[in-house]
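In what follows, a single structure is set out as structure tokens and then discussed.
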Amino acid sequence: MRNEKRKDEVRTRARTASHMFTRCRVIGCSRPARAGTADGLDTRLCRSHADHYARHGSPYRRSFTAPEINPHREQAEAWLAANASDRWVLNAVERVNTLYATAGQHVEAFRLRGLSPELRAKAAWARLRKAEIDPFRVVAAWLAVEMAIAADPQAERKPEFKRVQAAKLIHRMASGTHKRWGEGRTAKELHVYPRPRGRVLRHMGQALEEACELLVHHRTLPLLGSKE
Ligand SMILES: [Zn+2]
């Protein structure tokens, strides 16, 4: 009997203890953690920080703004153009081409609903292929994020932040389905922009990171410091 009672006490305490830890893990945030987020990405954050984390790749660091990232993109594109025949540049470009080639059929934006994050990420690559986005620009987006982070002493350096930031840039390069019916003033238009979701961005970002991995490893990029 006593034994049973003790077991109950232990169980109760274990429940209480776990309850005490369900505070958001962001320092200074006292909101309770969510049991689960829509994206299922992190159960240790409150709703607001979980949403931020899903969208930006960090619970507290916001995404780079266009004025923050664009100079790095320009610099990366210029560097790639100047090194277009470099074997590691070609390697990264070839890998992006492989992502295009293996992305499957193009999916209209309004048919994406219900697809898994993996398939949505594939659809995004197929969209870039269909829009004929130059793979050099896709590689440049990754390099720009690496450069922006290297240039910012306070930057979030976790791989996930890089992946989400780069994925957001390339997602935007071809992110809509546009339809138009009729002519002139009575024409009807439909613009559907699939909002990039947390897991889709992570899948895209990771694929891009892998595509650029050897290039980043072997070559000294502007602002990234010496590698060899
Ligand atoms: Zn929080």
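Numbering of ligands and ligand atoms starts at 1, following listing order.
- Hydrophobic side-chain contacts under 4.5 Å tie L201 into a cluster, directly or through other members, with V164.
- Within the structure, every pair that satisfies the side chain to side chain donor-acceptor pair (under 3.5 Å) test and touches residues 148-158, not counting sequence neighbours, is listed here: S58-E156, R61-D152.
- We find the CG-OH distance between L128 and Y100 to be 4.5 Å, quoted to the nearest 0.5 Å.
- Sorted by chain and number, the protein atoms of type N, O or S within less than 2.8 Å of the Zn ion (ligand 1) are C24 SG, C29 SG, C46 SG, H49 ND1.
- Evaluation of the salt bridge (charged side-chain N to carboxylate O under 4.0 Å, His left out) rule for E118 yields no partner, not counting sequence neighbours.
- There is a side-chain donor-acceptor pair under 3.5 Å between W142 and E146.
- No hydrogens or angles considered: nothing links the side chains of R129 and H106 as a donor-acceptor pair under 3.5 Å.
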